[in-house]
There are 2 protein chains.
Amino acid sequence: MPPSIKQVAQQAGVSTATVSRLLNKPESVSSDTADKINQAIAALGFRPNFNGRNLRAGRSRTVGVVVPTLSNTVFAQCLQGIELAARSLDYSVMFTATEYRQEDEAAAVDLLLSHRVDGVILTVADASASATLDVLDSERIPYVLTYNQPQQASRLSVSVDNRAAARDAVAHLIALGHTRIQMLSGYFHASDRAIQRYQGYVDAMREHGLTPLTPIEVPRHTGLGVDYLQSFADPQQRPSALFCSNDLLAFAAMRDLRALGLRVPQDISVMGFDGIPLGEMMSPVLASAVQPSEQIGEVALRTLVAAIEQGSPDGAGQPASSILAHAIRHGGSVQIFVP
Amino acid sequence: MPPSIKQVAQQAGVSTATVSRLLNKPESVSSDTADKINQAIAALGFRPNFNGRNLRAGRSRTVGVVVPTLSNTVFAQCLQGIELAARSLDYSVMFTATEYRQEDEAAAVDLLLSHRVDGVILTVADASASATLDVLDSERIPYVLTYNQPQQASRLSVSVDNRAAARDAVAHLIALGHTRIQMLSGYFHASDRAIQRYQGYVDAMREHGLTPLTPIEVPRHTGLGVDYLQSFADPQQRPSALFCSNDLLAFAAMRDLRALGLRVPQDISVMGFDGIPLGEMMSPVLASAVQPSEQIGEVALRTLVAAIEQGSPDGAGQPASSILAHAIRHGGSVQIFVP
DNA sequence: CTGAAAGCGCTAACAT
DNA sequence: ATGTTAGCGCTTTCAG
């Protein structure tokens, strides 16, 4: 058992309250008792026990984070942003992944709530129909969604405008002369963002008088199977450009296209969504709708803390949802359409 | 304030002790009182407060994780493995990053210890000279190193054999006819692994009667500067193969080589270390010494839990350090040497 | 099988 | 400026 405030008090010849004061409001302790106490603290190697403090205070200065997976760089970057911002505000981070399983979302949040985190940052499959969010609402635990753009304005969120970003991406392809543009997407039911991005695709096509094609939905772990691209063998059949709902999918598609003997971008252009850093290091550079993942995390954390500290003395400003700016990254994976 | 065990007890007409018993040893409570209590729990939406429990128990079933950064996929995967394994063993994870700053290592561990985590998993700059590890040792907090291979056998760790893996990687290049092989590495002082990998490089060179070249040390964030490759312009000067201490560096190098007008692998072969998944999706595939990052995380967590539960009734086996198997991934970034 | 009571470490009134 | 005291939620003897 590590030393407690009690032993420090004894060693320093003061009461536990004074030790506590030194820890929390140092200016309210005379400098010589402070010295004595600090000495005792150093001698004993004392470190405050946050469990005691939290129990007493009813707050933990800890936030919970729930993401689908860390295998997708996007979420890793986001968590990175969260942790960095949390540290700067003296908050700690408890982390959980769900592997895209909705049951696990609920269990994860449950566990976090048992730890009495002050709030939660999460990305869910579908923000408009999530039992998990309902729990959070009913228990009045502050939370902030990342990547999700909920219908309900009451739900705090931080994301790009997925629909607009997708529209811009597809408009970019159209501007380069492409007319047969098809979307490759993860399962819609597993990601409300994928749906919004598809809507953006449709927007762009319609705006330019083009006919949207049926999207190709594929499972997340796009393994070795290239069945989903079978029709691409026929040059008449295949689109001239493929717009993927995320960069990982774009990479998988490019690999599979290559396996089919197709060249990117000469035979087909490929555009992604997310703008993961590695996309920029490779050749050809992966064109993509870039979202600022680390910043999404940072802003989400700040928003959450604002929500947590609502009405507290030093409470930050009113928390509000944010739509962060996206950008279109041009890259060699996309080429002017040549008939 | 959420409901406490006390309110549940009152609502169910029993004592708090009985509620606690139902929560912890359900079989020691009669089935009808159990019913009453469960009903009260459901009605109140009760959730145990781990702070109270931890305070009392002196254990938290929480582990702390400290990694340099999540921008490197390797650590993201590792954290993923940790979290997954933790969840399966009913442990929670508090996460921190250090951005490779040693001061932050100490601060991070300090914070985790204040939260009274039961143990820590961490990757440090230099496992043989780390104030942070000394603290952990002196406070008798169980910890497991990941990626680091400490000199001191007393320190638990999970990693590949960095030296042997590097030796194998370089031997692969030599087998393909390369003789002028140079190493590109992150700063040695920031990573003991980098040193071990350099030793492996030297081993392989010497074993084959070749002269090791002076390694090129570069900062982590290999920006746009290509100065470090300036000498490569001269075909006589440059090595025929570049062995990079990690995959991120390999990608950056390939990008910079391209900027210099050099082709990979025709003009120069490039080999990495880590074997990040994306390396396999691109063209050319990045040849690399693959370490099983997610598994490293998983094994580290299990080892840590074994150390924590040492001597406890259901204690797992004796904790021990692990050297996991590496593999050499062949890829198009490396080519047979043609004079 | 259940209850009463003590105490884990800490902080916040309330006194002095 | 400092001490006294009560209590946050929970578990665990000890009695019954």
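Proteins come first, then strands; the chains are lettered A, B, ... in the order of their sequence lines, and each starts at number 1. No experiment lies behind these values; they were computed from the predicted model shown.
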Given atom NE2 of A:His115 and atom P of D:dC10, what is their separation to the nearest angstrom? 14 Å
Of the candidates D:dC8, D:dT5, D:dT11, the side chain of B:Lys6 sits closest to D:dC8
Between B:Asp110 and A:Arg87, does any side-chain N to carboxylate O distance fall below 4.0 Å? no
For B:Arg61, which residues count as a side chain to side chain donor-acceptor pair (under 3.5 Å) partner, sequence neighbours excluded? none
What's the NZ-C1' distance between B:Lys25 and C:dT2, to the nearest Å? 13 Å
Could you tell me whether A:Val29 contacts a base, only the sugar-phosphate backbone, or nothing, with contacts defined as non-hydrogen atoms closer than 4.0 Å? sugar-phosphate
Please give, in whole Å, the distance from D:dC10 P to B:Leu23 CG? 8 Å
Look at all strands and tell whether B:Val14 reaches a base, only sugar-phosphate, or nothing, counting heavy atoms closer than 4.0 Å. sugar-phosphate
Does A:Asn148 reach the main-chain N or O of A:Pro150 with its side chain, forming a donor-acceptor pair under 3.5 Å? no
May I ask you to say what B:Ser4 touches in the nucleic acid, namely base, sugar-phosphate or nothing, with a heavy-atom cut-off under 4.0 Å? sugar-phosphate
Atom-pair distance (CG on A:Leu113; P on D:dG9), nearest Å: 16 Å
Taking for B:Ser15 and for B:Ala57 the nucleotide of DNA chain C with the nearest heavy atom, the one nearer the 5' end belongs to B:Ser15
How is A:Asn54 classified with respect to the nucleic acid when contacts are heavy atoms under 4.0 Å: base, sugar-phosphate, or nothing? nothing
For DNA chain C, which residues of residues 30-50 of chain B approach it to below 4.0 angstrom with any heavy atom? B:Ser30, B:Thr33
Expressed as a whole number of angstroms, how long is the span from A:Arg116:CZ to D:dC8:P? 14 Å
Whole angstroms only, please: what is the CZ-P distance between B:Arg56 and D:dC8? 16 Å
Give a yes/no answer on whether the side chain of A:Thr18 brings an N or O atom under 4.0 Å of OP1 or OP2 in D:dT2. no
Quick check: are there more than 12 heavy atoms from other residues, nucleotides or ligands sitting under 6.0 Å from CD of B:Glu139? yes
Is it the case that B:Arg116 places NZ or CZ above or below the six-membered ring of A:Phe50, under 6.0 angstrom from the centre and within 45 degrees of the axis? no
Side chain to side chain contact (heavy atoms under 4.5 Å, CB included) between A:Ile82 and A:Phe95, intermediate numbers included: CA-CA 11 Å; A:Ile82 291 171; A:Phe95 162 75; over 6 Å; no
Provide, to the nearest angstrom, the distance between the CZ atom belonging to A:Arg21 and the C1' atom belonging to C:dA15. 11 Å
When you get a sec, tell me which of D:dT11, C:dC10, D:dC8 is the closest nucleotide to the side chain of A:Leu55? D:dC8
In whole Å, what is the span from the CG atom of A:Asn51 to the C1' atom of D:dT11? 14 Å
When you measure from the side-chain N and O atoms of A:Arg53 to the phosphate of C:dG9, is any distance below 4.0 Å, counting only OP1 and OP2? no
Distance from A:Thr303 atom OG1 to A:Leu145 atom CG, nearest 0.5 Å? 11.0 Å
